[in-house]
Amino acid sequence: MLKIYNTLTRKKEPFQPRVAGKVGLYVCGMTVYDYCHIGHARVMVVFDTVARYFRHQGYQLTYVRNITDIDDKIIQRAIENGEDYHQLTERFIDAMHEDERALSVLPPDLEPKATQSIDAIIAMVQTLIDKGLAYVGTNGDVFYAVSKFKDYGRLSGKNLDDLQAGERVDVDLAKRNPMDFVLWKMAKANEPFWESPWGNGRPGWHIECSAMSTCCLGNHFDIHGGGMDLQFPHHENEIAQSEGATGEKFVNVWMHNGFVRVDDEKMSKSLGNFFTVREVLKKYRPEIIRFFILTSHYRSPLNYSDESLNDAKAGLDRLYTALRGVDITADSAIDEAYKVRFEQAMDDDFNTPVALAVLFDLARELNKTKEVNPQQAGILAATLKQLSGLLGIVQDDPDAFLKGLVDAESDDEQIEQQIQNRTAAKKAKDWALADKIRNDLKGQGVILEDSPDGSTSWRRE
RNA sequence: GGCUGCGUAGCAAAAUGGUUAUGCAGUGGCCUGCAAAGCCAUCUACGGCGGUUCGAUUCCGCCCGCAGCCUCCA
C-alpha cells in the first residue's frame with residue numbers, strides 16, 4: 001500500500017486515486033531564462049522517480065510539468081541580452097530538455113507552456129472577477145482578493161493576520177490588501193502582451209499553473225508537486241484561484257521536495273551559490289548526479305559537495321561491480337524477496353535511501369553467489385538491474401560504466417596493450433615490471449584487478 | 001516577530017518504544033606473488049535537561065543550535 005506525505009495534512013496518508021487505476025500528477029516546472037541548476041535537477045529526478053514508480057505499480061499516469069515561458073525575469077533577461085524573449089525561452093527549453101535526457105529523466109506526458117495557455121488563463125481570471133474574488137486595481141492590473149477566500153493559508157499553515165503582522169516594505173497602492181496578488185499584469189511599453197478584457201498585458205505567475213493544471217487534468221486531480229519554496233505563496237494562491245473559480249476541491253495530495261543546499265544554505269539564483277547541471281556534468285557523469293539525488297529522501301535537505309558526489313560515484317561503482325561478469329537474460333526470473341523489500345521502501349513515501357540500501361544488500365549477496373551458483377547469480381543480477389531501473393540507474397553495461405570517463409578521450413587500446421605487457425611480465429614472474437606497469441596505469445587513474453583465472457580487468461577511478 | 005521542519009556515529013543518510021540499516025572511510029582477517037575487487041569480523045550514534053514507560057534515539061514538555069517560508073525562487 002503506497003503512502004505519501006501530504007503537505008496539506010502534514011501526515012503520511014495511504015494513496016487513494018480519484019479514479020481507480022489512474023493518477024493525475026502536476027508538477028511546477030522551470031521558469032526558462034537560464035540553465036537548470038542542481039536544485040532544478042532534484043525536482044526533475046524526484047518526480048521522474050515518482051512517475052516511474054506509479055507506472056511500475058500499474059497506474060495509468062498522466063504526468064504534467066509546465067513551462068513558465070513568460071514572466072518578469074524572462075522579460076528582463078531578454079532585454080539585457082538584446083534578444084526576443086521567445087528566442088530566449090526556446091533556447092533554454094532546449095537546454096532543459098538536454099539536461100533531462102542526461103539525467104535519465106523521462107519526458108512528462110504533457111508539457112504545457114504559459115504562452116500557449118493564455119485563453120484558459122483569461123477565462124479563469126474572468127470567472128474570478130465574475131465571482132467577486134478578483135478586481136481591477138487602480139493601476140489596471142487584476143488582483144485576487146485574498147480575504148474573500150476563506151481557506152487562504154491552509155496549505156502553508158499561515159493565516160492572514162500573521163502575514164500582515166510580518167508586513168512588507170513596499171505596499172503596492174494599487175491593491176486593496178497588501179497580500180492580494182496579481183492575476184493579470186498590464187504591459188509596459190515594449191513588453192510582450194496579449195489582448196484581454198482588461199487591456200494588453202500578461203498573466204501573473206500563479207494563475208498560469210492553475211489554468212494549465214486544470215486544462216490538462218481537470219478541476220480536481222490527485223497530486224500536485226513542486227519545491228518546498230513554492231508552498232507559499234505559489235501553491236496557496238493556486239488553491240485560492242482554482243477552488244475559487246471552479247468551486248471544487250483542487251488537489252488531493254500536495255508533495256514538496258526539499259532543497260539542495262551548499263554549505264548549509266539553500267542553493268538559489270538569488271544567493272548565487274548554485275551549480276548548473278551542465279557545469280557539474282563536466283566533472284561527474286549524469287548517473288552519478290541522479291544517484292546522489294536519490295541517496296537522500298525527497299523531503300530532506302540534500303547537501304551538495306564534491307565529497308557527496310564522490311561518495312555517489314563509489315556507491316554506483318559497487319553496484320556495477322556486482323553486476324560485472326554476470327549474464328542477465330531478458331526473461332530471467334526475479335528474486336521476489338528483494339523485490340518486496342524494495343517496494344516496501346518505495347511504498348513508504350518513496351523512501352529511496354532505503355530502496356538503495358536494499359540494492360546494496362542485493363549486491364552483497366550477488367557478490368557472494370557469483371562464484372558458487374551462476375544460475376542464482378543470474379536471478380539476483382536481473383533483480384538488481386530491474387529494481388535499479390525503477391530508480392533510473394544502473395542500466396548501463398557494467399564494463400562500459402566502470403571504464404567510463406567524463407571526457408572520453410579514448411586511450412583504451414593503450415591500456416589494453418599495457419595489460420598484455422603486464423600479463424607477460426607476470427608469466428615471467430617479473431613482479432617488478434608487472435607492478436611498475438600497474439603503478440603507471442594507476443597514475444593515469446586506471447585500476448587493475450586480477451581475477452583468479454589469470455585474466456585482468458580494469459576500471460577508471 | 002509569526003509559521004514549518006530538522007538536529008543520528010569520521011562523512012553521508014534511513015528506520016525504529018526493547019532486536020544488523022545502508023554507502024564511503026577506519027581496524028583485523030580470508031583471498032592475492034603483491035595489490036585491487038570481493039567476502040568475514042569489528043570500532044565509532046542517536047543536541048541538552050526533565051517527563052511518560054518495565055524499557056526511549058524513537059512519545060510528551062522545555063531549552064540550545066540549524067535551515068526554510070512570511071518578496072522572485074525547485
Side-chain angles (χ1 to χ4, degrees), chain A residues 7 10 27-31 36-47 65 71-73 76 153 155-159 161-170 178-179 181 205 225-234 236 256-261 264-271 274 291-292 294-297 299-303 305 307-319 321-322 324 345 348 351-361 363-368 370-371 402 426 429-432 434-435 438-439 442 447-452 456-459:
Chain A
T7 306
R10 313 258 165 199
V27 173
C28 288
M30 277 15 105
T31 299
C36 293
H37 63 235
I38 298 299
H40 298 120
R42 190 176 191 190
V43 179
M44 300 197 284
V45 168
V46 161
F47 287 102
R65 197 189 55 210
D71 96 321
D72 290 359
K73 291 204 167 157
Q76 195 192 329
L155 176 69
S156 52
K158 298 179 188 304
N159 67 63
D161 296 336
D162 290 343
L163 288 168
Q164 275 155 353
E167 204 55 81
R168 296 169 299 171
V169 192
D170 288 329
M179 291 314 299
F181 57 92
W205 176 43
M228 294 247 304
D229 47 355
L230 299 185
Q231 245 170 69
F232 188 92
H234 186 55
E236 203 68 74
H256 291 101
N257 66 274
F259 296 125
V260 176
R261 293 192 197 166
D264 280 331
E265 268 191 321
K266 175 184 173 182
M267 177 186 288
S268 72
K269 295 258 171 84
S270 34
L271 288 169
F274 63 91
F291 184 95
F292 160 65
L294 296 171
T295 54
S296 165
H297 182 87
R299 284 189 282 114
S300 300
L302 177 63
N303 218 56
S305 68
E307 198 192 353
S308 314
L309 270 291
N310 290 334
D311 276 3
K313 159 85 164 85
L316 264 180
D317 277 352
R318 181 165 165 85
L319 295 180
T321 302
R324 187 166 54 174
D348 184 17
N351 197 331
T352 54
V354 172
L356 287 175
V358 174
L359 298 186
F360 282 113
D361 285 349
R364 168 170 286 122
E365 189 173 341
L366 172 54
N367 282 331
K368 282 195 274 192
K370 265 185 192 174
E371 299 302 323
L402 292 167
K426 276 173 67 183
K429 298 215 187 299
D430 184 351
W431 306 126
D435 291 352
R438 187 169 62 197
N439 275 328
K442 176 97 163 67
I447 312 274
L448 300 191
E449 292 167 355
D450 294 336
S451 308
T456 298
S457 54
W458 63 275
R459 64 189 165 89

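So that the names make sense, note that chain A is the first sequence line, chain B the second, and so on, each numbered from 1.
- A:His297 comes within contact range of the sugar-phosphate backbone alone, with a heavy-atom separation under 4.0 Å but no base atom that close.
- Residue A:Asn303 contributes atom CG, which lies 14 Å from atom C1' of B:G7 at whole-angstrom precision.
- Under the side chain to side chain contact (heavy atoms under 4.5 Å, CB included) criterion, A:Arg261 pairs with A:Asp264, A:Pro301, A:Asn303, sequence neighbours left out.
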Can you check nucleotides 3-6 of chain B for protein contacts, nitrogen or oxygen pairs under 3.5 Å, and list what you find?
unit_1: B:C3; atom_1: O2'; unit_2: A:Gly157; atom_2: O; d: 2.8
unit_1: B:U4; atom_1: O2'; unit_2: A:Arg10; atom_2: NH1; d: 2.9

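- For the pair A:Glu265 CD and B:G68 P, the interatomic distance rounds to 6 Å; values are reported in whole Å.
- Nucleic acid contact class of A:Gly153 (heavy atoms, under 4.0 Å, all strands): none.
- Evaluation of atom-type donor-acceptor distances gives a pair under 3.5 Å for the side chain of A:Asp435 against the base of B:G33.
- For a distance-only test at 3.5 Å, the side chain of A:Arg42 fails to qualify as a donor-acceptor partner of the base of B:A74.
- A stacking contact links A:Trp431 to B:G33: the aromatic ring centre lies within less than 5.5 Å of the base's six-membered ring centre, and the planes differ by less than 30°.
- Dashed line: the shortest gap from a side-chain N or O of A:Lys266 to OP1 or OP2 of B:C69 is under 4.0 Å.
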Below 3.5 Å between N/O atoms, which protein atoms pair up with nucleotides 8-10 of chain B? Just atom names and distances, please.
none

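- Residue contacts shown for A:Met267 include a base, since a base heavy atom lies under 4.0 Å away.
- Residue-level contact check: A:Asn351 touches the backbone only, with heavy atoms under 4.0 Å from sugar-phosphate atoms and none from bases.
- A:Val260 comes within contact range of at least one nucleobase, with a heavy-atom separation under 4.0 Å.
- Remark: P of B:A13 and CG of A:Leu302 are 7 Å apart, rounded to the nearest angstrom.
- A:Glu236 places a side-chain N or O within donor-acceptor distance of the main-chain N or O of A:Ser156, the cut-off being under 3.5 Å.
- Within the nucleic acid shown, A:Thr295 comes within 4.0 Å of sugar-phosphate atoms alone, with no base atom in reach, counting heavy atoms only.
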Practice task
Using a 4.0 Å heavy-atom cut-off, write out nucleotides 37-42 of chain B from 5' to 3' as B (base contacted by protein), S (sugar-phosphate only) or - (no contact).
Solution key: SSSS--
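- At a threshold of 4.0 angstrom between heavy atoms, the contacts of A:Leu356 with the nucleic acid are absent.
- A:Asp264 comes within contact range of the sugar-phosphate backbone alone, with a heavy-atom separation under 4.0 Å but no base atom that close.
- Within 4.0 Å of A:Ser451, counting heavy atoms only, lies no atom of the nucleic acid at all.
- For A:Ser296 and B:A14, the shortest distance from a side-chain N or O to OP1 or OP2 is below 4.0 Å.
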Completion exercise
Taking Watson-Crick and G-U wobble contacts under 3.5 angstrom, with | marking pairs to another strand and [ ] crossing pairs, the secondary structure of RNA chain B is written (((((((..(((.....[...))).(((((.......)))))....(((((..]....))))))))))))....
Filtered N/O pairs between nucleotides 26-31 of chain B and protein, under 3.5 Å:
none

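- When the P atom is used for both B:C62 and B:G28, the distance is 49 Å, rounded to whole Å.
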